[in-house]
2 protein chains.
Amino acid sequence: MTQGRPMRADARRNYERLLKVAAEAFAEHGENASLDDIAKRAGVGSGTLYRHFPTRRALLEAAYVDRVEALGARADELAARLPPGEALMEWLYELAVRTLQVRGMKALLSSAVTDDGGAAALTVCGTVVQGAVHRLVVAAQAEGTLRRDLEPVEVLRLAHGVAMAAELAGAGERETRRYLGLLADGLRSG
Amino acid sequence: MTQGRPMRADARRNYERLLKVAAEAFAEHGENASLDDIAKRAGVGSGTLYRHFPTRRALLEAAYVDRVEALGARADELAARLPPGEALMEWLYELAVRTLQVRGMKALLSSAVTDDGGAAALTVCGTVVQGAVHRLVVAAQAEGTLRRDLEPVEVLRLAHGVAMAAELAGAGERETRRYLGLLADGLRSG
DNA sequence: ACCTGAACACCGTTCAAGT
DNA sequence: ACCTGAACACCGTTCAAGT
């Protein structure tokens, strides 16, 4: 899917310029950054942007794919270092902090955890994030510290909801951790 | 603030037509319903809409003020009938169900619980909703069933976050109640 | 005092023409 | 095969002219 014949040199150049500019624009203006502006700043026609990224969602995902994959890798680092229950909660915390601090990330994660009949699970972001939480949740349930009646994606959605609540509160990292801790108390088994 | 000299007859007619049409439009198209369309359907110029409701938020709030006040009254009904802890959780559940089922309500409640230095608390929706949760939370804390380190508005934001998570899950009433129950377990004292 | 609606600035999307 | 950018449809907001 990521392969196929290589792009023409000018197409590849445009593709990469668009990604770079888009990442800046989303960081600066959030998920609703002007697409026309991104095309202009990248020095391409707006049609070219649409050729490479047919939807805003596609561009957002491509611009943040590095960050999302780093988050997926982080799950395994934490799993290797902490007991399963703690690894899960620490990872959800890092997810929440990114939701708060990386502009546009909230929209991307929201669409990655939406129940849309599985379409979200097929996107890169959905695959990575849902895969990571699946591993962490299963381990914590096997350990016996997490309620067994929870689906991994439910844990993800609840943590995302708490992150959105933290955003409404204008919460910093400390407060976000506290809110997640409250949720964690409700999710613990026993 | 709601008084002042009475409106001219045509102004009042337009005001009421706008409210009626806006309620329908928000119900049908959600918080981003076209303002121009609302003006057209109400048979007034777009300038008239802006005269009466300078912001989208103002129109949304005016269109839903009845529902919000009903929710505030509901808090007292529940407080009179149930033990404090149960009354709080039942009210948060009803809040969440409205967030899911009444289009546009999510945006209205979000802005009512946002930490914006107190501006939200001065709107009708903010006053009503924050007042209601304050009474319920204080009672539950006095009863000893709710953690004492929680501010009322924090409880409101967390429940709102859970409601947003339920929306992402496409959850119905039953599932929403389950999610809120998980949060409730984390908020309980002891 | 209030209303109207044209005018403005902006945006996303498409597509015919060009290389 | 890919790019360009004008054209289109749409939106929120303002404001001069009208009653």
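Letters go in sequence order (proteins before strands), and every chain restarts at 1.
- Between the side chain of B/Glu61 and the main chain of B/Cys125, a donor-acceptor pair closer than 3.5 Å is present.
- Taken residue by residue, residues 32-62 of chain A places heavy atoms nearer than 4.0 Å to DNA chain D at A/Gly43, A/Val44, A/Gly45, A/Ser46, A/Gly47, A/Thr48, A/Arg51, A/His52.
- Here the side chains of B/Ser189 and B/Leu146 are not in contact, with every heavy-atom distance at 4.5 Å or above.
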Taking only Watson-Crick and G-U wobble pairs with both distances under 3.5 Å, what dot-bracket line describes DNA chain D, where [ ] shows pairs that cross earlier ones and | shows pairs with another strand? ||.|||||...|||||.||
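- Only one option out of A/Val162, A/Leu100, A/Thr176 pairs with A/Glu167 in a side-chain contact (heavy atoms from CB on, under 4.5 Å); it is A/Leu100.
- The CG atom of A/Leu35 sits 4.0 Å away from atom CZ of A/Arg56, with the distance rounded to the nearest 0.5 Å.
- Applying the side-chain hydrogen bond (donor to acceptor under 3.5 Å, both in side chains) rule to B/Arg177 yields the partners B/Glu90; only residues at least two apart in sequence or on another chain are considered.
- In this structure, A/Arg81 does not pair ionically with A/Asp76, as no charged nitrogen and carboxylate oxygen lie closer than 4.0 Å.
- Salt bridge status for A/Glu31 with A/Arg103: absent, with no side-chain N to carboxylate O gap under 4.0 Å.
- Paired with B/Glu16 under the rule side-chain hydrogen bond (donor to acceptor under 3.5 Å, both in side chains), one option of B/Arg13, B/Arg12, B/Lys20 passes, and it is B/Arg12.
- Going from atom CG of A/Asp10 over to atom P of C/dG18 covers 19 Å, rounded to whole Å.
- Per the geometry, CZ belonging to B/Arg13 stands 19 Å off P belonging to C/dA1, to the nearest Å.
- Checking the phosphate oxygens (OP1, OP2) of D/dC3, a side-chain nitrogen or oxygen of A/Asn14 falls inside 4.0 Å.
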